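A short write-up of the structure that comes next.
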Amino acid sequence: MSSKQTVVHWFRKGLRVHDNPALASAVQRVTDAPLANFVLRPIFILDPEIRKWLKVGPNRWRFLQQSLDDLDQNLRKLNSRLYVVRGDPVEVFPKLFQQWNVCLLTYEYDIEPYAIKRDAIVHKYANEREIEVLVEKSHTIYDPNVILSKNGGKVPLTYQKYGNLASTCKQPNPVDVPSQLREGCDPEQDETERKDLHCYDVPGLKELGVEQKELGECKFPGGETEGLRRLQEYMKRKTWVCSFEKPNTSPNSLEPSTTVLSPYVKFGCLSSRLFMNELNKVLKGQKHSQPPVSLVGQLMWREFYYCAAAAEPNFDKMVGNKICLQVPWETNQAHLEAWSHGRTGYPFIDAIMRQLRQEGWIHHLARHAVACFLTRGDLWISWEEGQRVFEELLLDADWALNAGNWMWLSASAFFHQYFRVYSPVAFGKKTDPEGQYIKKYVPELSKYPSGIIYEPWKASPQVQAKLGCVIGKDYPKRIVIHEEISKLNIQKMTKAYRDNRNAKDEAIADDQDANQFTNKRKTSITPSKSPSKKVKRENTMDRYLKRE
DNA sequence: TTCGAGTTGAATGT
DNA sequence: ACATTCAACTCGAA
């Protein structure tokens with residue numbers, strides 16, 4: 001055991017040295033203390049068991065691996081290194097606390113329920129050993145809990161409402177990169193420890209269980225260095241930044257029409273606070289687009305979902321989720337498989353799903369198209385299934401954003417105009433009438449001309465044979481008829497909304513009955529049932545009768 | 001209670 | 001490129 005005391009910074013998300021307040025605090029502590037008595041060890045904990053319950057695809061494991069490697073290198077430039085500790089955090093910390101003689105633990109706050117639970121246990125262990133814990137909030141620009149309390153504890157359910165609340169808060173300034181992590185303190189000078197240090201090395205892909213052959217082309221390498229490089233590259237395009245409007249970007253261009261900074265922000269390789277700061281610098285004094293469609297608006301969407309997610313522990317589920325519409329989705333394993341592997345028979349949908357599996361990134365509007373298709377539009381399969389597939393395949397899959405967007409697209413929360421359904425044929429044609437994108441990702445159809453490539457089933461068998469791709473043999477028949485099923489599904493959604501409304505009214509009525517009972521006993525006041533509620537229930541019934 | 005607004009629909013007009 | 005119609009949702013402000 002070392003006679004020195006150790007300050008530990010625990011990396012989880014926030015895989016960066018820039019704008020990292022918790023890391024900066026750890027460095028400060030070491031710098032302020034008498035030299036040679038303190039050692040700073042930046043750690044990342046890798047749980048070998050995690051693969052048993054967390055389904056993450058090879059591309060995302062690679063992104064993490066690259067991010068850890070880059071972080072290690074950036075720390076080495078600051079005369080330190082990354083210590084990757086293997087094990088379950090809850091079991092690792094008691095050992096580390098003792099073995100390294102830990103006096104201070106710092107980390108970045110995380111709102112995800114599993115993280116909150118884990119951190120509470122670690123915090124308790126630290127308290128028991130009288131180890132100081134310092135937690136900083138830097139994953140989002142605004143603190144979700146501050147926004148919630150400004151709204152009286154209620155979740156803001158609209159973007160505008162959220163924006164109004166956020167606009168009353170000050171935007172934090174990013175903190176500087178520490179100049180040195182180890183001023184005169186060298187943990188590796190200890191002979192006995194030095195020979196064991198290789199056990200803390202950054203894992204290779206093999207250790208993460210990734211086979212080279214299952215990996216797609218690496219279009220977006222992980223890491224802080226690449227994240228910052230990408231940010232600078234896009235910030236140079238000032239006119240583009242100022243005029244950015246998300247709905248006008250293309251979901252099916254051959255090269256991304258947006259920044260693809262999301263994976264870097266998700267892992268915290270790039271600070272959202274720095275991102276916002278850099279955007280503000282570019283926009284200052286210029287005419288520019290506005291939220292929700294602007295680039296600033298995109299960052300604010302992230303804030304919006306983080307806030308809602310922080311308020312609802314069951315945010316990633318339908319049942320038990322107070323803000324989520326309860327819908328009787330159906331199970332269809334064959335359809336789910338077809339969707340997730342790009343075999344629905346709709347070329348636009350299949351191209352998107354194949355790009356997702358190969359590259360780990362698809363455009364936001366492409367996500368809309370496939371999410372609508374899986375849920376309310378066509379297949380009537382639960383958004384939770386889609387969420388799982390995105391969680392596995394998207395480099396930028398983020399608990400709060402993934403669940404929030406799935407609820408949005410399935411019209412389960414935040415968005416309610418369920419009668420607006422994306423067409424798996426028409427939507428892609430607007431930005432890619434030639435079907436170049438389809439030809440790239442669904443090469444079976446590469447000989448199909450622009451007129452028919454979005455609907456290959458319309459070609460006669462003879463023409464199909466001539467074009468080298470017979471539908472039902474070389475490429476699947478479409479698994480549903482969109483024109484028919486989407487109309488039926490809209491009706492099902494109408495019923496789901498009606499049922500949810502009735503259930504809510506019942507609950508309110510029951511609640512009032514209960515209150516009435518209590519009031520009667522306690523005060524002898526007999527308030528009548530709210531007339532407004534009564535009317536509303538009658539109206540609902542009227543509508544119900546009119547239709548059926 | 002009412003009413004306008006809601007990042008990004010589609011089909012069919014002009 | 002923009003307007004209308006389709007059918008009709010909820011949230012939040014007034």
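Proteins get letters first, then strands, A, B, ... in listed order; numbering begins at 1 in each. Note that this is a predicted model, so its numbers are computed, not measured.
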- Item | Side chain of H416(A) - closest among dA10(B), dC9(C), dT7(B) | dC9(C)

- Is there a donor-acceptor pair under 3.5 Å between the side chain of Q286(A) and the backbone N or O of V282(A)? no

- Task: State whether the number of non-hydrogen atoms from other residues, nucleotides or ligands found under 6.0 Å of K487(A) atom NZ is greater than 12.
- Result: no

- Item | Candidate nucleotides dA10(B), dG6(B), dT8(B), ranked by approach to the side chain of Q160(A) - the nearest | dG6(B)

- Checking all strands, does L157(A) fall into the base, sugar-phosphate, or nothing category for heavy-atom contacts under 4.0 angstrom? sugar-phosphate

- Between NE2 of H363(A) and P of dT7(B) the distance, given in whole Å, is 17 Å

- With a non-hydrogen cut-off below 4.0 angstrom, is Y497(A) in contact with a base, only sugar-phosphate, or nothing? sugar-phosphate

- Touch check for Q298(A), heavy atoms < 4.0 angstrom, all strands: base, sugar-phosphate only, or nothing? base

- Query: Taking the six-membered ring of W361(A), is the NZ or CZ of K219(A) close enough (under 6.0 Å from the centre) and on axis enough (within 45°)?
  - Reply: no

- Message: Between P on dA10(B) and NZ on K429(A), what's the gap in Å once rounded to a whole number?
- Response: 11 Å

- Using Watson-Crick or G-U wobble geometry with both distances below 3.5 Å, tell me the partner of dT14(B), or none. dA1(C)

- Is V421(A) touching bases, backbone alone, or none of the nucleic acid, heavy atoms closer than 4.0 Å? sugar-phosphate

- Item | Nearest-Å distance for atom pair OH/C1', residues Y162(A) and dG6(B) | 19 Å

- Aromatic contact, W383(A) with W408(A) (centres under 6.0 Å): no

- Query: Base, sugar-phosphate, or nothing for K161(A), non-hydrogen atoms under 4.0 angstrom?
  - Reply: sugar-phosphate

- Could you check whether F414(A) gets within reach of a base, just the sugar-phosphate, or nothing at all, counting any heavy atom under 4.0 Å? nothing

- Message: Quick check on side-chain hydrogen bond (donor to acceptor under 3.5 Å, both in side chains): which of Y441(A), W339(A), Y475(A) does D350(A) satisfy it with?
- Response: Y475(A)

- Task: Tell me whether F419(A) is stacked on the nucleobase of dC6(C), counting only the six-membered base ring and applying the 5.5 Å and 30° thresholds.
- Result: no

- Side chain of R420(A) (C-beta onward), nearest among dC9(C), dA11(B), dG9(B): dG9(B)

- Query: What nucleotide, of dT8(B), dG6(B), dC9(C), holds the atom closest to the side chain of H368(A)?
  - Reply: dT8(B)

- Message: It should be established whether K430(A) places a side-chain nitrogen or oxygen under 4.0 Å from OP1 or OP2 of nucleotide dG9(B).
- Response: no

- Task: Check every atom of dA7(C), dC11(C), dA10(B) against the side chain of T158(A) and return the nucleotide holding the closest atom.
- Result: dC11(C)

- Task: Verify the contact: side-chain N or O of Q417(A) to OP1 or OP2 of dT10(C), cut-off strictly under 4.0 Å; return yes or no.
- Result: no

